[in-house]
Student: 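Shown below is the structure under consideration.
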Amino acid sequence: GQQVMQIPQYQHVQEGEDFTTYCNSSTTLSNIQWYKQRPGGHPVFLIQLVKSGEVKKQKRLTFQFGEAKKNSSLHITATQTTDVGTYFCAGSPTSGTYKYIFGTGTRLKVLA
Amino acid sequence: GEEVAQTPKHLVRGEGQKAKLYCAPIKGHSYVFWYQQVLKNEFKFLISFQNENVFDETGMPKERFSAKCLPNSPCSLEIQATKLEDSAVYFCASSQSSYKDNYGYTFGSGTRLTVV
């Protein structure tokens, strides 16, 4: 079946350092979403990318969708302790199904 | 309010007992989804509804799992004869109708099911 892998699985950074997580799908995606889940919490929607090569920014967060629509990345500039959590990508293989395959997640720890 | 309400927050069942979880989606959201999150953070898709109709049930272990979304009632996910491996956090999410807009899922806070 379709798989969505994320690397790295874990990342520890010093506060102020940058962080990037990569998401790779075994098949072409219609669109991709990113979520953040704090420890003990529920996933919170961050953004959706639809177009090939799309780049979107939210303050210190930059999201990219690959040209082939099979990979994506989330980059955080100058991490803060509030960035702690697990970041998931979620890909939709087919338009209109609203079914998302979640990636394996990257757990971020930020050391003050 | 603009939140997905899931009850109960915690549920403990003996192996073989029935478990029933509830989810009230955001009013106006056409789609409801159930996901199972196990300890390694993996999210497994179970089932989705478009209003009260099953939209995609490819993730459901049909022998023991069933789900409904009836009009004017919370959606429900029922597990007959629970097994130890059913222990997980079950998340419900709802979304607006158009995936093309920048709307993602709105998740509930989850129900933690522990089977002992």
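To find a chain, count down the sequence lines: A is the first, B the second, and so on, and within it residues start at 1.
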Student: What residues of residues 107-116 of chain B sit under 4.5 Å from chain A when only non-hydrogen atoms are counted?
Tutor: B:Phe107, B:Gly108, B:Ser109
Student: With a 4.5 Å cut-off on side-chain heavy atoms, are A:Lys99 and B:Thr58 touching?
Tutor: yes
Student: Hey, quick one: are A:Val44 and A:Leu61 part of the same hydrophobic cluster, counting side-chain heavy atoms closer than 4.5 Å, chains of contacts allowed?
Tutor: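 No, no single cluster joins them.
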Student: Please tell me whether B:Val54 and B:Leu77 are part of a single hydrophobic cluster in this structure, the criterion being side-chain heavy atoms less than 4.5 Å apart.
Tutor: yes
Student: Applying ring pair (Phe, Tyr, Trp, His ring centres under 6.0 Å), can you list everything that pairs with A:Phe65, at least two apart in sequence or on another chain?
Tutor: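 Partners of A:Phe65 by the ring pair (Phe, Tyr, Trp, His ring centres under 6.0 Å) criterion come out as none, since no residue qualifies.
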Student: Side-chain heavy atoms under 4.5 angstrom apart, residues restricted to Ile, Leu, Val, Met, Phe, Trp, Tyr: same cluster for B:Ile79 and B:Phe49?
Tutor: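 In one cluster: yes.
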Student: Could you report the tightest heavy-atom contact between B:Tyr105 and A:Phe45, atom names first, then the distance?
Tutor: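 Heavy atoms only, the tightest pair is O-CB, 3.7 Å.
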Student: Checking heavy atoms, do the side chain of B:Thr106, its backbone, both or neither come under 4.5 Å from chain A?
Tutor: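 Neither; nothing under 4.5 Å.
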Student: Linking I/L/V/M/F/W/Y whenever their side-chain heavy atoms sit closer than 4.5 Å, directly or via other members, would B:Ile26 and B:Tyr22 fall into one cluster?
Tutor: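 Not linked; separate clusters.
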Student: With sequence neighbours excluded, give me every salt bridge (Lys or Arg N to Asp or Glu O under 4.0 Å) pair touching residues 70-89 of chain A.
Tutor: A:Arg60-A:Asp83
Student: Which pairs of donor and acceptor atoms, one on a side chain in residues 59-71 of chain B, lie under 3.5 Å apart (sequence neighbours left out)?
Tutor:
unit_1, atom_1, unit_2, atom_2, d
B:Arg64, NH1, B:Ala81, O, 3.2
B:Arg64, NH1, B:Asp86, OD2, 2.6
B:Arg64, NH2, B:Asp86, OD1, 3.0
B:Arg64, NH2, B:Asp86, OD2, 3.4

Student: In the single-linkage hydrophobic clustering (I, L, V, M, F, W, Y; side-chain heavy atoms under 4.5 Å), do B:Leu11 and B:Leu84 co-cluster?
Tutor: yes
Student: Any side-chain heavy-atom pair from B:Tyr35 and A:Pro43 closer than 4.5 angstrom?
Tutor: no
Student: Of B:Phe43, B:Phe45, B:Phe91, which is the lone residue that meets ring pair (Phe, Tyr, Trp, His ring centres under 6.0 Å) with A:Phe102?
Tutor: B:Phe43
Student: What is the distance from atom NE2 of A:His42 to atom CD of B:Gln6, rounded to the nearest 0.5 Å?
Tutor: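 A:His42 atom NE2 to B:Gln6 atom CD measures 9.5 Å (nearest 0.5 Å).
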